[in-house]
Participant: 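Quick one: structure below, then a few questions.
Residue numbers begin at 1 in each chain, while the letters A, B, ... track the order of the sequences. Here the structure is a predicted model, which means the values were calculated and not measured.
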Amino acid sequence: MTQRPIAIMWFRNDLRLADNPALRAAVKWASEHDGAVLPVFILDPVIDGQLGGATRWWLEKSVSALAQGIDGLAAKSPTKTPSLRLFHGDAHGVLETIIGSCNVKAVFWNRLYDKPSTERDTDIKSALSDRGLTCESFKANLLFEPWEVKTGNGTDFKVYSPFWRACQKFPPPRTPIAAPDTIALCDADLGDEVSLSALDLGPKPFDWAGGLAERFTPGEQGAKDQLFDFIDDRLVDYADLRDRPDRRVTSELSPHLRFGEISPYQVWHSANHYADAHPAQGKTASKFMSELGWREFAHHILFHAKDLRSVPLQGQFAHFPWSEDQDALERWQKGQTGFPIVDAGMRELWHTGYMHNRVRMIVGSVLVKHLLIHWRAGLAWFDDTLVDACPANNAFSWQWIGGCGADAAPYFRIFNPVLQGEKFDPAGDYVRQWVPELRDMPEQYIHKPWEASPLILKAAGVRLGTDYPEPVIGVKEGRERALSAYQDMKQAAS
DNA sequence: TGGTGCTTCGG
DNA sequence: CGAAGCACC
């Protein structure tokens, strides 16, 4: 008897069953052709090259959750083999091998927007199409394709506000698609399959990820729980308190969106539904939705940029006199700068794989301005430590804070880490949580312990320079040094 | 989604 | 003399 025709569902950054257009297409194709679906995940050099320690940890958990989810659907139809097939190696080669070993007639996936992925996918699509396979990709991970949104002149956007305004002129994002009720799975034996542990994603040489697991639950269910908890409990306060790291009202959905455990369509519609049900809360809902807009904008910029990770969008920054101060970089990484709000953020990052967005801006500003260290060093550190590090948001945001990006904070706009701390962590609760050696400092000095008198320091049990460092550079001195470096750059560029 | 230093103005 | 407005970085 002839083998049933097979549709491959190629999972990448869309590790979910609900609102997954490629998966829906694969299931539909299989039912129309009396065939079966073969779900695969391939750890290829492109994906591997974009992973850091924290995202590797997340990916392992997320792939595991996805496999269990597919198992749950497949339980309704008879199968003995594993539901999600895992592979390690070049994606094109792996797909060719699978196609050669069973009756594959179609391949489906959801689109990505970074250069290595789009080049890989373009090659694969043309090769498979040439051989007569049905090969289709879908819009799933963005509300608006980077090439759909254009200025009046037909060019891509460089400024956020008009970009997001232009997005609003499109029909509203489509309604999310339900997860399939059941999947007819291919049960063919394939060569070259590997186990999840063989992908070697987990923490090494010891399990350092306890703090990450405590804060997050990777996987589709964890993403849904996070979204609904946010909508039910925190969205009401979002507009007013979103900049307060001590209050924890943000959604913390970024890592779930990073791996596509939830789609921006699901997030958008949840917020939109909330706004409809609570007309008085329209402002906070649209503020939250505009943050989805920043995510869209970052992908828009990534898609159109030459190399967002390393080439400043504003060319004159190629002449910036960056510092090579390795000691200062290490103090920043370890949360030992002597600026309490910075050290709290860097330690939160190390411990949990996450940092509040306001604090990201502060630590970023201090690195590229007070310390004069290249934003690429900050980008590299965040890539390795953040659970939500992605090619679009991370590179875009570092160019933004570096002053060299699209619609960026001008370089001369320098955050004062003391004032930022006092404004957004007024009681110092956030600092006290992550910098326990300052726990007993009075509110007045919690963000500037170096200004406290010896008596006050002694009462708080802090020996400056021993228990907690002196600032790595003076706030004012760092500001002036940065402004003068900026002048030097403009001189050199002219 | 800045900070600083200066001026002006009301108390 | 502090708040508010402004120019410049």
Participant: Looking only at side-chain N and O atoms, does A:Gln420 come under 4.0 Å of OP1 or OP2 in B:dT1?
Facilitator: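 No.
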Participant: How close or far is atom P of C:dC9 from atom NZ of A:Lys490, stated in whole angstroms?
Facilitator: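 Rounding to the nearest Å, NZ of A:Lys490 and P of C:dC9 are 8 Å apart.
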Participant: CH2 of A:Trp400 versus P of B:dT1: gap in Å, rounded?
Facilitator: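 One finds 10 Å between P of B:dT1 and CH2 of A:Trp400, rounded.
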Participant: Find the distance A:Gln399:CD to B:dT1:C1' and express it as a whole number of Å.
Facilitator: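 These atoms are roughly 17 Å apart.
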Participant: To the nearest Å, give me how far apart CG (A:Asp240) and P (B:dT1) are.
Facilitator: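 Computing the A:Asp240:CG to B:dT1:P distance gives 12 Å.
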Participant: Consider the side chain of A:Lys476, meaning its heavy atoms from C-beta on, and name the nucleotide among B:dT4, B:dG5, B:dT1 that approaches it most closely.
Facilitator: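 So the nucleotide nearest the side chain must be B:dG5.
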Participant: Let's go through A:Asp225 and A:Gln221 carefully: what are the C-alpha distance in whole Å and the side-chain angles of both, what is the deciding distance for side-chain hydrogen bond (donor to acceptor under 3.5 Å, both in side chains) to 0.1 Å, and is it a yes or a no?
Facilitator: CA-CA 6 Å; A:Asp225 292 344; A:Gln221 189 56 49; 3.0 Å; yes
Participant: Rounding to an integer number of Å, can you tell me how far A:Tyr486 OH sits from B:dT4 P?
Facilitator: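 Taking atom P of B:dT4 as the reference, OH of A:Tyr486 is at 18 Å.
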Participant: Would you mind reading off the distance between A:Leu483 atom CG and C:dC9 atom P, rounded to a whole angstrom?
Facilitator: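 It works out to 10 Å between those atoms.
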Participant: Given B:dG2, B:dT1, B:dG5, identify the nucleotide with an atom nearest to the side chain of A:Met361.
Facilitator: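 When the side chain of A:Met361 is considered, B:dT1 is the closest of B:dG2, B:dT1, B:dG5.
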Participant: Taking the side chain of A:Trp294 as heavy atoms from C-beta outward, which of B:dT1, C:dC9, B:dT4 is closest to it?
Facilitator: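 The answer is B:dT1, which lies nearest to the side chain.
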Participant: Take atom CZ of A:Phe415 and atom P of B:dT4, then tell me their distance rounded to the nearest Å.
Facilitator: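 Distance check: A:Phe415 CZ to B:dT4 P gives 13 Å.
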Participant: Under 6.0 Å between ring centres, would you say that holds for A:Trp400 and A:Trp375?
Facilitator: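 No.
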Participant: May I have the distance from A:Ile362 (atom CD1) to B:dT1 (atom P), rounded to whole angstrom?
Facilitator: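 About 13 Å, once rounded to whole Å.
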Participant: Could you tell me whether A:Arg360 sits above the aromatic face of A:Tyr354, with NZ or CZ closer than 6.0 angstrom to the six-membered ring centre and within 45 degrees of the axis?
Facilitator: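 Yes, A:Arg360 and A:Tyr354 form such a contact.
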Participant: Identify which nucleotide among B:dG3, B:dT1, B:dG2 has an atom closest to any side-chain atom of A:Glu291, counting heavy atoms from C-beta outward.
Facilitator: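 That would be B:dT1.
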Participant: Which heavy atom of A:Lys139 sits nearest a heavy atom of A:Phe144, and at what distance?
Facilitator: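 Here A:Lys139 and A:Phe144 meet closest at NZ-CA, 4.3 Å.
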Participant: Identify the residue among A:Trp398, A:Phe317, A:Trp322 that makes a ring-ring contact (aromatic ring centres under 6.0 Å, His included) with A:His374.
Facilitator: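 Exactly one candidate clears the test, A:Trp322.
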Participant: Within the pair A:Asn416 and B:dT4, is there a side-chain N or O less than 4.0 Å away from OP1 or OP2?
Facilitator: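 Answer is yes, contact under 4.0 Å.
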